[in-house]
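Numbers here simply count residues along the sequence, with the first being 1.
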Amino acid sequence: EELLRILSQREAELELSREERRDKDAAISFLKTRIVTMQNQSRASSDRGDEPPGQPSLAEWAAAPSGDLRRPAEVSDRELRLEAELRRQQEQNRRLQVQLERTHAEAEALGARLQEANHEI
């Protein structure tokens, strides 16, 4: 009976870890989409010539020799923040995956112990 309770508890923890993993994956997907959207908006803006005076277009920036032109600070800052958040989410996903695998292994071990106890009875 105690083994059943522990197994049930571990399965609930495992399901919670899976849900957290799905949520984190969705957050990463959202951030990736957001980065691409911002890059596309920047590209469209530069194609229309909407940059502030003195700011190079994205095409000029990409074609320029390294160090000749600087990306607009706002775009760079946003990308850096989004990339940092993406790295944080990926690290959190990695930790959750390790926890999920550990919990899964514990649940399997408890299940095996439960089966052994049932065979002994």
Side-chain angles (χ1 to χ4, degrees):
E1 188 174 306
E2 178 66 18
L3 289 176
L4 282 174
R5 186 188 64 74
I6 292 171
L7 181 60
S8 176
Q9 181 182 0
R10 294 294 181 183
E11 287 176 349
E13 289 173 2
L14 182 63
E15 184 57 33
L16 180 62
S17 292
R18 285 180 180 147
E19 283 182 30
E20 288 174 351
R21 170 80 190 239
R22 282 190 297 268
D23 291 346
K24 301 301 177 195
D25 287 345
I28 288 172
S29 178
F30 168 78
L31 290 172
K32 286 179 180 178
T33 301
R34 185 72 178 126
I35 288 170
V36 169
T37 300
M38 290 174 66
Q39 289 171 336
N40 289 342
Q41 288 172 343
S42 176
R43 198 171 292 120
S45 176
S46 69
D47 290 345
R48 289 191 311 266
D50 292 346
E51 294 90 12
Q55 290 289 336
S57 71
L58 191 57
E60 290 171 331
W61 177 81
S66 179
D68 285 355
L69 297 172
R70 301 283 181 243
R71 296 185 81 177
E74 182 181 333
V75 172
S76 294
D77 185 49
R78 285 181 185 172
E79 285 181 343
L80 288 174
R81 285 194 319 260
L82 288 171
E83 288 170 359
E85 177 64 15
L86 181 60
R87 283 191 301 277
R88 189 186 70 74
Q89 291 287 334
Q90 288 171 331
E91 177 59 25
Q92 189 171 10
N93 276 352
R94 187 195 62 73
R95 285 192 307 269
L96 285 172
Q97 182 63 35
V98 168
Q99 180 184 3
L100 178 66
E101 290 169 359
R102 187 175 34 242
T103 303
H104 184 69
E106 289 173 2
E108 285 181 349
L110 286 171
R113 286 179 51 197
L114 181 61
Q115 285 180 349
E116 288 175 15
N118 284 338
H119 288 300
E120 290 176 5
I121 296 175

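Side-chain heavy atoms closer than 4.5 Å link hydrophobic residues (I, L, V, M, F, W, Y) into clusters, and following such links, even through other members, never connects L16 to V98.
Note that CG of L7 and CZ of R10 are 10.0 Å apart. Values are rounded to the nearest 0.5 Å. With rounding to the nearest 0.5 Å, the separation of CD in Q90 from CD in E85 is 10.5 Å. Taking CG from L31 and CZ from R81, the interatomic distance works out to 12.0 Å, rounded to the nearest 0.5 Å. A distance of 11.5 Å separates CD of E20 from CZ of R95, quoted to the nearest 0.5 Å. Note: L82 CG to R87 CZ = 10.5 Å, rounded to the nearest 0.5 Å. Taken from CG in L114 to NE2 in H119, the straight-line distance is 9.5 Å, to the nearest 0.5 Å.
For the side-chain hydrogen bond (donor to acceptor under 3.5 Å, both in side chains) with E91, the lone residue among R88, R94, Q89 that qualifies is R94.
In this structure, the side chains of L80 and E83 come closer than 4.5 Å at one or more pairs of heavy atoms.
Scored by the salt bridge (Lys or Arg N to Asp or Glu O under 4.0 Å) test, R102 finds no partners at all (sequence neighbours excluded). Legend: residues meeting side chain to side chain donor-acceptor pair (under 3.5 Å) with E2, ordered by chain and number and at least two apart, are R5. When the side chain to side chain donor-acceptor pair (under 3.5 Å) test is applied to E101, the partners found at least two apart in sequence or on another chain are Q97. Partners of R21 under the salt bridge (Lys or Arg N to Asp or Glu O under 4.0 Å) rule, at least two apart in sequence or in another chain, are D25.
Nearest heavy-atom pair across A117 and L3 is CB-CD1, 4.3 Å.
The other residues sharing a hydrophobic cluster with L14 are L100, where clustering joins ILVMFWY side chains under 4.5 Å apart. Cluster partners of L86 are I28, counting Ile, Leu, Val, Met, Phe, Trp and Tyr whose side-chain heavy atoms approach within less than 4.5 Å, directly or via other members.
Side-chain atoms of S17 come within 3.5 Å of backbone N or O of E13 as a donor-acceptor pair.
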* Step by step, work out the salt bridge (Lys or Arg N to Asp or Glu O under 4.0 Å) result for R113 and E116. => CA-CA 5 Å; R113 286 179 51 197; E116 288 175 15; over 6 Å; no

